[in-house]
Structures are given as C-alpha cells and as structure tokens.
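The block underneath contains the structure these notes are about, expressed in structure tokens.
Since the structure is predicted, the reported quantities are computational estimates derived from the model, not experimental observations.
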Amino acid sequence: MSGATLLGFLVLLRARGVRAERQGGSWPSASLLFAYALAFSLAYVQLSAGTGALLLFGAVQLTMLIGGMRAGSRPTGVDLAGLALALAGLLTLTLPGARTAPPLLAAFGMIVAGVAWGFYSLRGRKETRPALVVTGRNFTRAASIVLLALSAAVAAGVPLHAEPRGLALAAISGALTSGLGYVLWYAALPNLDALRAGLVQLAVPVLTALGGIAFLDEPLTLRLVTATALVLAGIAVVVVRRAPAAAHAGPSVEVPVEVPGEVPVDASGRVG
C-alpha cells in the first residue's frame, strides 16, 4: 500500500496539472506481483537467506530463459557459458551455508515466488508505456488484492500482529526499495532480452551479502569473494557480448524512398 501511494503521487506529479494517464499495468501483472510478494514473505520465515536466494533467483532465471526460448530467443554457447559461471558463483555463495535441507513447503513457496517474478518480468519486457505509470497501476491493483486477502484472513479468525518498527520498515520497503526499484526495473526491461534480464538478477544475492558486510558487520570471506567474482564474470560475459550479425555488419546504407505524388529526395536532401 505504501508503494502504491508513493507511485500514485509521482504519477500525478509527473502529469503537472494534466489529467494523469489512466492506461497502464494490468490485473494479470498485479496478480503475479501479489503472488510473488506473498509466497516470498511466507517462505522466507522458514528459510535461511542463502537457501532462499538460491531457490528464488534460480527459479527466476529458469522461468525467463524458458520464456525467452518460447518467444524465439535462442541462447548461444557464450550465453550458456556465462549462465553456468553465474550459477556456479551462486552455488558457491549459498550451498555451503545451507547446513540442512530446507522445509519442503517453504522451498516450494520460494520457487513459486521466483516463477511469479519471472513471468512479471517477462510481461514487463513487452510494455511500451512509461515504467512509472505501469508500475504504479500494478502496485495499486496488487494492493487491492492484498486488502481482499487481509479481509478474508480477519474473517477467518487469523491472528494479526504488528509493531510500529515493523510497520515503518514495511512502509520504507514498499515505497522506496520496492516501489521505486520496480520502476527502474521495468524501465530497463525493454532494452534487455529474456536471458540477460534473468541473469542480471543473479547479482542480487551477491549484493545482499555485500550489504551484510557493510551494514551488519558480517565477515568478508574467501567464499564470498570467489562467488562474487564468478557471478559478475558470468553476467559480464552475457551482457557485454554482441550478436555476431551486429558485430560483422557493414556500414548502413540509406535508400531513398519514393512516395507517390512527391519529388524523391535522397538522404542528403538533394532532389532525385
């Protein structure tokens, strides 16, 4: 709800007195956003940070990879090598810290969250409207679904508990790190193919671990350094590469187009 409130305010501010754009977002995208947030929140109660990150982002990557292949995108050998490097780094970071097998239901919930986020991202790649408007509409719709779910929980007698500090942290998370973060993500998606969009998200567990060092006084270990190097190398291999056709293409040639009823003019402006 805090994310929907902030993004709605920014949409109105962007309009600058003109009627805000009412088109953008969709109920399917909002439902995927809700499913991701709900499954993620419930699953992480029973999972360690490393295990949860492995399950979540592994599911995201596979979902976007399969979705991209179904849309006609075919990964090259370089793509697969970069993916293998990144996944090896992720395994290096997370598996040694998972001392016991995760609870089956929680693990399944985190995989569901990853699949939902993967499909939400795939839908974002097709958006042509402003990312701020689309994300704001999706958040507003998702918030309405949350209110319905909360009302059903209250009606069913589910005990609710909240503390001021928890509510404040949730508001900051929804408005800033989620709301504005998702706007940036949706703005970037149209310029990324499915494989790259999925792969760059594998940097999140590494960034989380580095955040733990910076803000939680967690130790900098050789395992973290190795995992970081592998993940970033894998991302770099895929993101930096250029398609062979684009790399070997010759100089572009502008061909004058002759419109019926008009005098043909070439690219330099001379009458043909």
Side-chain angles (χ1 to χ4, degrees), residues 3-4 7 21 23-41 43 52-76 78-80 82-84 86-87 90 107-146 174 177-207 231 234-241 243:
L7 295 177
E21 184 177 346
Q23 300 298 322
S26 65
W27 283 107
S29 292
S31 300
L32 289 169
L33 186 60
F34 168 75
Y36 157 75
L38 179 64
F40 176 93
S41 301
L54 174 65
L55 293 169
L56 177 68
F57 291 98
V60 170
Q61 173 60 53
L62 289 176
T63 300
M64 298 196 70
L65 179 61
I66 294 173
M69 292 178 66
R70 290 192 63 183
S73 175
R74 291 292 179 267
T76 66
V78 175
D79 291 332
L80 295 177
L83 175 61
L87 290 178
L90 197 59
F108 177 74
M110 191 59 82
I111 292 173
V112 169
V115 171
W117 180 253
F119 277 113
Y120 181 77
S121 296
L122 287 171
R123 290 182 63 86
R125 292 188 62 246
K126 302 176 182 178
E127 281 290 351
T128 57
R129 291 175 287 248
L132 176 62
V133 175
V134 172
T135 308
R137 301 297 183 195
N138 285 338
F139 262 69
T140 300
R141 290 183 173 95
S144 65
I145 300 175
V146 169
T177 57
S178 292
L180 295 183
Y182 292 3
V183 169
L184 294 176
W185 180 236
Y186 250 41
L189 278 171
N191 300 313
L192 296 170
D193 59 35
L195 176 65
R196 292 176 184 173
L199 190 62
V200 294
Q201 294 183 92
L202 295 181
V204 174
V206 174
L207 294 173
V231 171
I235 293 173
V237 165
V238 175
V239 173
V240 174
R241 78 166 180 83

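- Considering every non-hydrogen atom in both R123 and L32, the closest pair reads CD-CD1, 3.7 Å.
- Residues G114 and A59 share a closest heavy-atom pair of CA-CB, 3.9 Å.
- To the nearest 0.5 Å, atom OG1 of residue T63 and atom CG of residue L122 are 7.5 Å apart.
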Checklist line | Trace of the side chain to side chain contact (heavy atoms under 4.5 Å, CB included) decision for L180 with L7 | finding: CA-CA 8 Å; L180 295 183; L7 295 177; 4.2 Å; yes
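- When each of F139, W27, F34 is tested with S144 by the rule side chain to side chain contact (heavy atoms under 4.5 Å, CB included), just one qualifies, namely W27.
- Between A113 and F40, the closest heavy-atom pair is CB-N, 3.7 Å.
- The number of heavy-atom neighbours closer than 6.0 Å to CZ of F119, taken from other residues, nucleotides and ligands shown, is 12 or below.
- Using modelled atom types, one finds no donor on one side chain facing an acceptor on the other under 3.5 Å when comparing R141 with S26.
- Taking OG from S41 and OH from Y36, the interatomic distance works out to 8.0 Å, rounded to the nearest 0.5 Å.
- Remark: the backbone N or O of L33 is not paired with any side-chain donor or acceptor of N138 at under 3.5 angstrom.
- In this structure, I145 and S31 have side chains that are in contact, with non-hydrogen atoms separated by less than 4.5 Å.
- Contact between A116 and A35 at its shortest, heavy atoms only, is CB-CB, 4.2 Å.
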